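Below is one structure, written out as structure tokens, with a few remarks after it.
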Amino acid sequence: MSHTNPLVPRRYEAEPQAIFNYPKYWAECFGPAPFLPMSRDEMDELGWDSCDIIIVTADAYVDHPSFGMAVVGRLLEAQGFRVGIIAQPEWDTAEPFKQLGKPNLFFGVTGGNMDSLINRYTADLRIRSDDAYTPNAEAGKRPDRSVIVYSQRCREAYYETPIVIGGIEASLRRIAQYDYWSDKVRRSILIDSNADILLYGNAERALVDLATELAAGKSIEDCWDMRGTARVCARPPEGWTEIDSTRIDWPAKIDKLPNPYEYQHSKQELNDERSTQSDREEAAPVKIIPLPLQRQTEFDKSTSYIRLPSFSKVTNDPVLYAHASRVLHQEANPYNARPLVQKHGTKDIWVNPPPIPLETEEMDWVFDLPFQRRPHPSYGDARIPAYDMIKTSVNIMRGCFGGCTFCSITEHEGRIIQSRSEDSVLREIEKIRDQVPGFTGTISDLGGPTANMYKLNCKSPAIQRSCKRLSCVYPNICKHLNTDHSPTTRLYRKARAIDGVKRIAIASGLRYDLALRDPEYIQELVTHHVGGYLKIAPEHSEDKTLSKMMKPGISAYDEFKRLFDLYSKRAGKKQYLIPYFIAAHPGCDEEDMLNLSLWLKNHNFKPDQVQTFYPSPMALATAMYYSERNPLQKLRYKGDKLSVSKDMEQRRLQKAYLRYHDEKNWPLLRESLKRLGREELIGTGKNSLIPPAKKPRAKAPARRRR
């Protein structure tokens, strides 16, 4: 990005400084800690009088590169900072947040590897009985909305200390978002947590940059232009151009017509917004261009931002909520995204463009940090299920260009694949062999968000920098996408050849439509890396529903199964696919679920574990669920509404169709089939889906007494 315009932020440059080239902080002299300290006694053993940064997390502390607090902690430690960890503190008072003293630079607050509400509640809003990220799977060790609660307690403990929030819970709540658990739109988490700055996505760049600036005496306000961050601000920067995208239909004479949504604001909110607008015009005049007119107007795109509909508007107007979601997802490419601004009362939430993805050398450096690869010793012999699951797995890449609307990986990690080098992955396998107690020779996974996207990127850097596609593989695989799986195949072969390794399993989700482009990869996978069963996720059989998911048609699954069976037979193995499906996805109705149920029966599938759609914050499918509109298309008020199952009984019915073989579901399914006019499917014949209800036995006549 050119520096000829003094308004262009330095941090928006497309070629940032490598994260390992920042100057080290003076405390580097202490060297790496065996484990990051969780108590004053551990700090004393290390010779520390204080921590520079304290991480507060809702997960147990496991010093492993699959746990966010460990990656963040070791990363900051490598920059020379003294990092302490407060894991799963009691939250009734601020006292547990003082156990390591006052941090010199900031508190870093995270909800852990999972969103705290998804961690605690099922899709049916039932409380889970266990927590995989807690010693002995004990439930109730984290509060609901952990980031908000922990941040408030940190503020109580040391009021002036900056609070930095991050992780998936904060990342997916950076703007106003529909909240399934309270069934309403909630404000940006920045407002509710009272944090100073939010870091979204994989935040290594922003974290190192921010810590370095604060250590140099800068304030968080000085870091307003940092990629991958969001902040509360009073007004946009002076001299910038505002692209006004606060409504979806712009009449020809916009100056003569009132805003059609203003009647839904309270009088106080209107006064606040008018006051803020007046202040902005006086202190920092901006050029405002309605979104449909931006192509006809000359302005500097490098100093422009997009204004989303305000929190008040998306709360009162579900169609505007869907519109805001559409805009956010279109501005997800770090190379062409513009800042997003959304008003919350009298303040703006300013969301900077996404971070530039890490280069392979940077990824290698992060994963080579001195992780102990096991839980903190304070947990003793307690079992942490999430650690048991990943202790022998290796993350080989980040990101996902699949764009599935029900998944939040893209919103968090981005669409551009970030891959480690082959040598880095092989070194980690050797570390597992040598460091993990009880290693049996099996690597449980070589993968990431998706098993087979390793080193798959756009063939043209120029096209990648200008692309705004939501998915590289839907509705078809982009011709500019590299689909050569040979680097993954080569990695598998080298991993199997390591001394002491008996088996490499692949447990990450497989994008089978992508795998079809490289049959050699499928053969390698099926021959050496499937232990009898391979989990795969076609998600549905009906195109109407699959189009809302941005998933390929079921024919791609059929072709993959043909090759899977072929290569299994050649390898002399009996192996099976275990397909996963989703019920109650937006756009899916009873008839779609009936057709899926018939497809399952025809293929002799009787699923045990089934999924009901879970509206996670910020996902496109969540916008569909809340608004009953399709943000994949241009939105209109008079457009057709989607079929959305919001009532719990409707959701249970759709789930029942996935388990058509369970007799507990038969009464519900009989009622549905009668309603659909498909009573012929109730019977005992070959083409029946479920049996008829048993007729009650006639009572035997009572004997007359003599």
Side-chain angles (χ1 to χ4, degrees), residues 175-178 180 183-185 242-265 273 288-297 304-332 337-338 340-343 403-406 410-411 468-471 474-475 542-551 584-589 591-592 613 615 617-646:
I175 63 170
Q177 83 291 157
Y178 172 71
Y180 175 62
D183 192 25
K184 65 180 183 180
V185 176
E242 177 177 295
I243 308 302
D244 190 341
S245 186
T246 57
R247 45 183 169 172
I248 62 173
D249 52 345
W250 286 91
K253 298 180 180 179
I254 57 175
D255 293 334
K256 295 182 180 181
L257 291 176
N259 186 327
Y261 311 115
E262 284 189 348
Y263 76 95
Q264 295 171 335
H265 293 246
E273 292 202 19
I288 301 178
I289 304 172
L291 189 59
L293 304 181
Q294 64 166 314
R295 293 182 181 178
Q296 289 83 39
T297 306
S304 66
Y305 62 89
I306 297 177
R307 180 167 291 280
L308 300 173
S310 69
F311 165 70
S312 176
K313 289 181 179 179
V314 298
T315 300
N316 292 317
D317 190 331
V319 179
L320 274 182
Y321 181 93
H323 168 69
S325 177
R326 177 177 170 85
V327 174
L328 179 138
H329 286 83
Q330 287 177 334
E331 297 296 322
R338 286 168 289 194
L340 302 175
V341 179
Q342 186 177 55
K343 185 165 293 301
C404 301
T405 61
F406 53 82
T410 297
E411 287 87 339
K468 284 186 176 287
R469 278 186 64 157
L470 299 184
S471 170
Y474 184 87
E542 303 306 292
D543 288 341
K544 181 164 70 71
T545 298
L546 289 168
S547 67
K548 309 304 183 298
M549 297 177 169
M550 290 214 300
K551 290 283 288 186
H585 191 279
C588 178
D589 54 26
E591 188 173 352
D592 283 346
F613 170 67
M618 205 174 284
L620 275 165
T622 302
M624 296 179 192
Y625 177 90
Y626 172 63
S627 69
E628 300 179 17
R629 300 297 200 285
N630 185 2
L632 299 177
Q633 302 170 352
K634 187 174 181 180
L635 291 153
R636 292 181 174 85
Y637 281 99
K638 295 182 180 180
D640 293 335
K641 284 191 173 184
L642 294 177
S643 171
V644 177
S645 297
K646 295 185 178 181

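Only this structure's heavy atoms are used, side chains among them; waters, hydrogens and symmetry mates stay out. Small disclaimer: the values here were computed from a predicted structure and weren't measured.
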Start with the C-alpha gap between Tyr474 and Cys404, add the side-chain angles, then the distance that decides, and say whether side chain to side chain contact (heavy atoms under 4.5 Å, CB included) holds. CA-CA 9 Å; Tyr474 184 87; Cys404 301; over 6 Å; no
Just say parallel, tilted or perpendicular for the rings of Phe613 and Tyr625, cut-offs at 30° and 60°. tilted
Between His323 and Ser245, is the side chain to side chain donor-acceptor pair (under 3.5 Å) condition met? List the steps. CA-CA 9 Å; His323 168 69; Ser245 186; 2.8 Å; yes
Which atoms form the tightest heavy-atom contact between Gly587 and Asp592, and what is the distance? O-OD2, 3.7 Å
Kindly indicate whether the side chain of Leu632, heavy atoms from C-beta on, has any atom under 4.5 Å from the side chain of Met624. yes
Checking Glu331 side chain against Leu340 main chain: does a donor-acceptor pair fall under 3.5 Å? no
Any side-chain heavy atom of Gln342 within less than 4.5 Å of one from Arg307? no
Exactly one of Ile248, Thr315, Leu635 should register a side chain to side chain contact (heavy atoms under 4.5 Å, CB included) with Leu320. Which one does? Ile248
Start with the C-alpha gap between Lys544 and Asp589, add the side-chain angles, then the distance that decides, and say whether side chain to side chain contact (heavy atoms under 4.5 Å, CB included) holds. CA-CA 10 Å; Lys544 181 164 70 71; Asp589 54 26; 3.2 Å; yes
As an exercise, state the distance from OG of Ser645 to NE2 of His585, rounded to the nearest 0.5 Å. 11.5 Å
With no hydrogens and no angle check, is any side-chain donor or acceptor of Gln177 less than 3.5 Å from a backbone partner on Val185? no
Rounded to the nearest 0.5 Å, what's the gap from CZ on Arg338 to CD1 on Ile306? Could you check? 4.0 Å
What is the minimum heavy-atom distance between Pro318 and Ser627, and which atoms define it? O-CB, 3.1 Å
Quick test of your reading of the model: are Asp183 and Lys646 salt-bridged, counting only N-O distances below 4.0 Å? no
Quick one: ring-ring contact (aromatic ring centres under 6.0 Å, His included) partners of Tyr626, sequence neighbours excluded? Tyr178, Tyr321
Close side-chain approach of Glu242 and Tyr305, heavy atoms under 4.5 Å: yes
Can you check whether Leu620's main-chain N or O pairs, donor with acceptor, with Arg326's side chain at less than 3.5 Å? no
Is it the case that the side chain of Lys468 and the backbone of Gln330 share a donor-acceptor pair, with hydrogens and angles ignored and the cut-off at 3.5 Å? yes
Please report the shortest heavy-atom distance between Pro586 and Ala621, naming the atom on each side. CG-O, 3.4 Å
Would you say Arg636 and Arg629 make side-chain contact, with heavy atoms under 4.5 Å? no
Using atom types as modelled and distance alone, determine if a side-chain donor or acceptor of Asp317 lies under 3.5 Å from a backbone N or O of Lys313. no
Does a side-chain heavy-atom distance below 4.5 Å link Met618 with Ser325? no
Do any N or O atoms from the side chain of Thr405 and from the backbone of Lys548 form a donor-acceptor pair under 3.5 angstrom? yes
